[in-house]
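Heads up, the thing below is written out as structure tokens.
For reference, positions follow the sequence shown, starting with 1.
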Amino acid sequence: RTGTVESLRRALRNAETRGVKPQELDHARKMYKVWGAAVHEVDVASALGDPERLRRGIDHAKDVGVGVQEVEEATRRMAAMLKRCEAEGQLLRALDECNLEALRQALIAACDADVSNTALIVEAEVVAERLLGFRADMQRALERPELMTAYRTLHAITEHPGLPENEVQPVKQMVGMLQQREEKEILDGIARASRDRDFRRLDAFIARAGRAVAAAVYIPPEISDRAQQLSKHLQEELRHQMEQDRQAQADPSVSLAMHERGLPEPPPRAALPSASVIGGVEVAYQPRGELLCKLPREIV
């Protein structure tokens, strides 16, 4: 037989009131205790929010004869708990996969199921916003292919929690292409500048190679070392040549020969006053007018 604890309690009380012998009520009293304990276990499991314990409690209550109507509300609560557990598990899986669409659907399901894990929901919302921003960054990187920007974007969107592998594949391919192109341009530029013995271009490509290394572009160290040594050598040669030219210009005989070659004979010199002269000085680099005097080369 099945029934509810309350109906059995009323029946026992009514039987005692009408004078039914106690020995005839022993079985009913035992069933009342068993049903009461089973219903109590169902209530405890429901209060704890443990769906597995609640399921076992409902099954036991049905086995000992507790009526379906007694555990009907507990069955509904168990279904709601299972729904919440399933929604929470779906949300955890979506967080682990970092799939934006799946994460949004899991968030909706979690809200519909009244998931009480507030920290998990907040984390899922933050990750969803982060993934949405990553998609925008990835789209901008694809529209304007620049090595450092694309490399930094790729590093950011692949760091957990980041976009899944199938979504970042276009950016990964573009970064690989840009790295190969940058490596080729740097190596070709260093080779041309070395042939032309142009240390300024060499220094520019050496600096570019240093920046490219930050984007995982491989430049053989021996090529960079040889380029730096050649640049220093060329700069030393230029400094040596400039020093020789300066010394040659400082030689009075050479200086006089350079400045008097092909010039007409100057007119008689005029005496300059010993007082201070205030005003402007016009310097002509071609012979014209009247020559007053020759100024030292350092002043000119």
Discussion item. Please tell me whether Asp225 and Gln229 have a donor and an acceptor in their side chains that are separated by less than 3.5 angstrom.
Written reply: no
Discussion item. Is a donor from one side chain sitting under 3.5 angstrom from an acceptor on the other, for Gln235 and Ser231?
Written reply: yes
Using a 4.5 Å cut-off on heavy atoms from C-beta on, say whether the side chain of [Y] contacts that of [X].
X	Y	value
Leu120	Glu88	yes
Met81	Arg84	yes
Leu54	Val42	yes
Arg181	Leu147	no
Gln241	Asp245	yes

Item to complete: Could you walk me through whether Lys62 and Asp59 pass salt bridge (Lys or Arg N to Asp or Glu O under 4.0 Å), step by step?
Response: CA-CA 5 Å; Lys62 291 179 179 179; Asp59 291 342; 5.3 Å; no
Atom [atom1] in [X], atom [atom2] in [Y]: separation rounded to 0.5 Å?
X	Y	atom1	atom2	value
Asp137	Ile157	CG	CD1	8.0 Å
Glu183	Asp188	CD	CG	10.0 Å
Glu41	Arg56	CD	CZ	8.0 Å
Leu132	Leu163	CG	CG	10.0 Å
Arg201	Asp196	CZ	CG	4.5 Å
Leu187	Glu182	CG	CD	10.0 Å

Kindly give the heavy-atom pair with the smallest separation between [X] and [Y], and that separation in Å.
X	Y	answer
Met138	Glu167	SD-O, 3.3 Å
Phe205	Ile190	CB-CG1, 3.7 Å
Met174	Ala150	CE-CB, 3.5 Å
Arg130	Pro161	NE-O, 2.6 Å
Gln179	Ala215	NE2-O, 2.8 Å

Discussion item. Check this for me: does any side-chain nitrogen of one of Glu86 and Arg93 sit under 4.0 Å from a carboxylate oxygen of the other?
Written reply: yes
Is there a chain of hydrophobic side chains (I, L, V, M, F, W, Y, each step under 4.5 Å between heavy atoms) that links [X] to [Y]?
X	Y	answer
Leu131	Val126	no
Met31	Ile58	yes
Met148	Val213	no
Val168	Met177	yes
Ile206	Leu234	no

Discussion item. Using salt bridge (Lys or Arg N to Asp or Glu O under 4.0 Å), reason through Glu243 and Arg246 one step at a time and then give a plain yes or no.
Written reply: CA-CA 5 Å; Glu243 181 65 22; Arg246 190 190 67 79; 3.0 Å; yes
Worksheet entry | Check against side-chain hydrogen bond (donor to acceptor under 3.5 Å, both in side chains), Glu236 and His240 | CA-CA 6 Å; Glu236 288 294 334; His240 182 67; over 6 Å; no
Show the atom names and distances, to 0.1 Å, of all donor-acceptor pairs under 3.5 Å that link a side chain in residues 95-114 to residues at least two apart or in another chain.
| unit_1 | atom_1 | unit_2 | atom_2 | d |
| --- | --- | --- | --- | --- |
| Asn99 | OD1 | Glu101 | N | 3.1 |
| Asn99 | OD1 | Ala102 | N | 3.0 |
| Glu101 | OE1 | Arg135 | NH2 | 2.9 |
| Glu101 | OE2 | Arg135 | NH1 | 2.8 |
| Glu101 | OE2 | Arg135 | NH2 | 3.2 |

Is the number of heavy atoms from other residues, nucleotides or ligands under 6.0 Å of [X] [atom1] greater than 12?
X	atom1	value
Gln169	CD	yes
Arg144	CZ	no
Arg76	CZ	yes

Practice prompt. For His233 and Glu237, run side chain to side chain contact (heavy atoms under 4.5 Å, CB included): C-alpha distance rounded to whole Å, both residues' side-chain angles, the deciding distance at 0.1 Å, then the answer.
Written response: CA-CA 6 Å; His233 177 69; Glu237 283 187 349; 2.9 Å; yes
